[in-house]
Amino acid sequence: LRGAVRAASWGDLAPSRGPLTLHSVDLSLQVRNRSAVIPPVELRLGGAVFELAGSCGFDGTADLESTADLQHIDRRWVENRDPDTGRAARFFLSGPLSALRATSDVQPQQTNP
């Protein structure tokens with residue numbers, strides 16, 4: 001969650017007071033050209049909703065696109081750079097699975113409250 005907030009340049013979140021729960025989802029992977037293709041899937045974590053799609057190579061590197069909606073996150077903001085901004089952004093995750101990098105080459109999307 002904090003990585004998504006940083007990638008969108010929204011500020012910072014307070015640390016979680018307890019464990020976060022990732023709700024279960026049905027996921028079907030397609031294996032093609034030495035990689036697993038992840039079709040669009042919705043993940044819910046700590047009040048946030050992530051839509052994720054992309055691929056992960058058999059060598060352990062991933063190339064994923066995600067949309068994060070943090071409007072209903074269940075943590076308080078320590079630093080809120082723009083409190084009037086909607087909390088949805090598109091970003092990309094890439095690199096080795098053990099050290100994914102989040103980048104954003106588009107501006108955060110405005111959402112209607």
Side-chain angles (χ1 to χ4, degrees):
L1 291 176
R2 293 179 108 180
V5 169
R6 285 188 195 116
S9 299
W10 286 330
D12 200 8
L13 290 173
S16 178
R17 295 179 189 245
L20 293 176
T21 302
L22 178 63
H23 296 272
S24 63
V25 297
D26 290 325
L27 179 64
S28 297
L29 300 175
Q30 300 170 359
V31 178
R32 175 172 61 221
N33 297 331
R34 300 191 45 82
S35 67
V37 177
I38 303 166
V41 62
E42 184 176 280
L43 306 170
R44 295 179 177 271
L45 178 67
V49 179
F50 293 87
E51 292 181 11
L52 183 71
S55 64
C56 180
F58 289 176
D59 62 356
T61 59
D63 198 13
L64 306 167
E65 181 178 341
S66 179
T67 302
D69 181 350
L70 279 67
Q71 291 184 79
H72 304 289
I73 195 164
D74 57 7
R75 288 159 70 179
R76 69 179 180 82
W77 293 88
V78 173
E79 177 187 350
N80 193 352
R81 294 192 183 128
D82 189 357
D84 297 325
T85 298
R87 297 290 182 221
R90 185 173 141 215
F91 59 95
F92 302 91
L93 299 166
S94 60
L97 286 173
S98 61
L100 287 174
R101 282 184 330 274
T103 58
S104 174
D105 66 351
V106 294
Q107 294 298 314
Q109 301 169 4
Q110 296 293 321
T111 58
N112 296 328

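Positions are given from 1, in the same order as the sequence printed here.
Counting side-chain heavy-atom gaps under 4.5 Å among Ile, Leu, Val, Met, Phe, Trp and Tyr, the cluster of F58 also holds V31.
For N33, there are no side-chain hydrogen bond (donor to acceptor under 3.5 Å, both in side chains) partners two or more places apart in sequence or in a different chain. Listed by chain and residue number, R101 satisfy the side-chain hydrogen bond (donor to acceptor under 3.5 Å, both in side chains) test with S94 (two or more places apart in sequence, or in another chain). Checked against salt bridge (Lys or Arg N to Asp or Glu O under 4.0 Å), E51 has no partners two or more places apart in sequence or in another chain.
For A36 against L29, the heavy-atom pair with the smallest separation is CB-CD1, 4.3 Å. Smallest separation of non-hydrogen atoms from L64 and S55: CD2-N, 3.7 Å.
Looking only at side-chain heavy atoms (C-beta outward), L43 and V49 stay at 4.5 Å or farther from each other.
In terms of hydrophobic clustering, with Ile, Leu, Val, Met, Phe, Trp and Tyr side chains grouped at heavy-atom distances under 4.5 Å, V25 and L52 are assigned to a common cluster. V41 and F91 fall within the same hydrophobic cluster, where Ile, Leu, Val, Met, Phe, Trp and Tyr residues are linked whenever their side-chain heavy atoms come under 4.5 Å apart, directly or through other members.
Atoms CG and CG, from L93 and D63 in turn, are 9.5 Å apart once rounded to the nearest 0.5 Å.
Contacts classified as side chain to side chain donor-acceptor pair (under 3.5 Å) and involving residues 41-50 (residues at least two apart or in different chains) are given here: E42-R44.
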